There are 2 protein chains.
Amino acid sequence: MMAMFDLALRGEREPVPIKAVAERQGLSDRYLGQLFTPLRKAGLVRSVRGAQGGYVLTRKPDEISVGDVLRAVEGPISPVHCVSDPGACARVDGCVTRGIWRKLRDRIVEVLDAITLADLCEEAGQEQIGGKAPGGVDHHA
Amino acid sequence: MMAMFDLALRGEREPVPIKAVAERQGLSDRYLGQLFTPLRKAGLVRSVRGAQGGYVLTRKPDEISVGDVLRAVEGPISPVHCVSDPGACARVDGCVTRGIWRKLRDRIVEVLDAITLADLCEEAGQEQIGGKAPGGVDHHA
DNA sequence: CCAATTCCTAGTGGACTACTAGAGTTTCCA
DNA sequence: TGGAAACTCTAGTAGTCCACTAGGAATTGG
């Protein structure tokens, strides 16, 4: 999420190398590289190989939701396995609690799909200006 | 949750022994006994020791929410550690994503606190009106 | 060619989780 | 009073998941 946020802040035009993202966000570049693979396969980012390469978002920040990112990296969003994968629990049939988790899952997805990368950028902009009155934050998105 | 649901269906008056709950719900009685300890400490159930003993709910099913049960057994409800325990992550300060998880946590708690054991009983009754739970459950909704 | 960069595959240490197990303690019933 | 039925406390375990590390191959620009 932090990497995608970083890309949303910068990579509108030129590809951003993993190393730069990693340094700014305080993460390991090796680990980040790994995380970008599923993001690329999900079509959220495009990769440019070779020198001066890096990653670029394929859509505008306000067209990528937190839910999109999470699904790409972690698979189906669900509070418990049996909701997304009925075979995960032997007690599935007639389980009273399953309905709870399904309802919960729906609400969770609702929340996560409603927040976009652009929202994050806006929030971060207001927070970082911090001490001053957050009047007009100019963010292109 | 399944055990608490079982108690809600039956244990309005007489204490229900762990073994009975375990058999009906297809769980290990040893394991269940372990889970009841935090539930008792949280004041959700009362234990009656000795022969003919067992567990009883301390409140009516419609006064115990799924959230209450979860908090008692698993601790604070939270999608990630850093929300309930700021010391859990070194990147806490100025982390962009933390706001997401906080918002999400609030919604999750909202959902879980809105569902009561009585709701579960009602749902289960509608799903399969077998010979189970006849007459004893007050459907007040 | 060389350096920068992505890409692929495998491994690892720590934490969590559902569950098992042993050895008590308390209480009820006969 | 004896004993069984029940809870209580403390450890341990096997499996899984997760964040992260690591080595090296492929690709591209200069």
Side-chain angles (χ1 to χ4, degrees), chain A residues 1-3 7 11 14-23 25-42 44-58 70 72-82 84-85 87-92 95 97 101, chain B residues 1-3 7 11 14-23 25-42 44-56 58 70 73-82 84-85 87-92 95 97 101:
Chain A
M1 279 309 310
M2 292 166 77
L7 247 58
E14 294 181 355
V16 183
I18 279 186
K19 219 166 193 172
V21 176
E23 269 175 28
Q25 304 294 328
L27 302 166
S28 136
D29 52 336
R30 289 301 213 141
Y31 180 40
L32 260 193
Q34 206 170 119
L35 293 180
F36 268 115
T37 302
L39 289 170
R40 179 172 49 85
K41 285 184 179 163
L44 295 179
V45 298
R46 184 168 49 85
S47 71
V48 180
R49 302 182 72 160
Q52 267 67 41
Y55 284 97
V56 202
L57 296 183
T58 55
L70 255 46
V73 176
E74 306 190 341
I77 294 171
S78 176
V80 287
H81 282 38
C82 71
S84 52
D85 172 20
C89 176
R91 291 186 271 264
V92 154
C95 173
T97 68
W101 317 134
Chain B
M1 279 308 310
M2 293 166 77
L7 248 58
E14 295 183 355
V16 183
I18 279 187
K19 220 168 194 172
V21 177
E23 268 175 29
Q25 304 294 328
L27 302 166
S28 135
D29 52 336
R30 288 298 213 138
Y31 181 40
L32 260 192
Q34 207 170 120
L35 293 180
F36 269 115
T37 301
L39 289 170
R40 179 175 49 84
K41 283 183 179 161
L44 295 180
V45 299
R46 183 169 49 84
S47 71
V48 180
R49 305 181 72 156
Q52 266 68 41
Y55 284 95
V56 203
T58 55
L70 255 46
V73 176
E74 306 190 340
I77 294 171
S78 176
V80 286
H81 282 39
C82 71
S84 53
D85 172 21
C89 176
R91 293 185 271 266
V92 154
C95 174
T97 67
W101 317 135

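In what follows, chains carry the letters A, B, and so on, assigned in the order in which the sequence lines appear, proteins first and then strands, with residues in each chain numbered from 1. Predicted, not measured: the structure shown is a model, and the values here were computed from it. Just so it is clear, the values below take in all heavy atoms, side chains as well, and ignore hydrogens, waters and symmetry mates.
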Passes side-chain contact (heavy atoms from CB on, under 4.5 Å), B/Glu23 versus B/Asp29? Steps please. CA-CA 8 Å; B/Glu23 268 175 29; B/Asp29 52 336; over 6 Å; no
Just to verify, what does [X] make a side-chain contact (heavy atoms from CB on, under 4.5 Å) with, not counting sequence neighbours?
X: B/Met2; result: A/Arg91, A/Thr97, B/Gln25
X: B/Arg49; result: none
X: B/Ala51; result: none

Show me, pair by pair, the donor-acceptor contacts under 3.5 angstrom made by side chains of residues 30-42 of chain B, not counting sequence neighbours?
none

d([atom1], [X]; [atom2], [N]) in whole Å:
X: A/Leu27; N: D/dC20; atom1: CG; atom2: P; value: 7 Å
X: B/Arg91; N: D/dA19; atom1: CZ; atom2: P; value: 10 Å
X: A/Glu74; N: D/dC18; atom1: CD; atom2: P; value: 7 Å
X: A/Gln52; N: D/dT27; atom1: CD; atom2: C1'; value: 14 Å

Which parts of nucleotides 7-17 of chain D does protein reach within less than 4.0 Å, heavy atoms only, written one letter per nucleotide 5' to 3' as B for base, S for sugar-phosphate only and - for none? BBS-B-----S
Please compare B/Ala51 and B/Ser28 by the position of their nearest nucleotide in DNA chain C and report the one closer to 5'. B/Ser28
Measure the CH2-SG distance between B/Trp101 and B/Cys89 for me, rounded to the nearest 0.5 Å.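 Here the interatomic distance stands at 12.0 Å.
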Can you give me the first and the last nucleotide of DNA chain C (5' to 3') that has an atom within less than 4.0 angstrom of a non-hydrogen atom in chain A?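 Reading along DNA chain C, I get C/dA4 to C/dC19.
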Whether the side chain of B/Thr58 engages the backbone of B/Leu44 through a donor-acceptor N/O pair (distance < 3.5 Å, no angle test) should be reported.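 Judged by distance alone, yes, a pair lies under 3.5 Å.
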Under 4.5 Å between any side-chain heavy atoms of A/Pro15 and A/Tyr55, yes or no?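 When only atoms from C-beta onward are counted, A/Tyr55 and A/Pro15 do not touch, as no gap falls below 4.5 Å.
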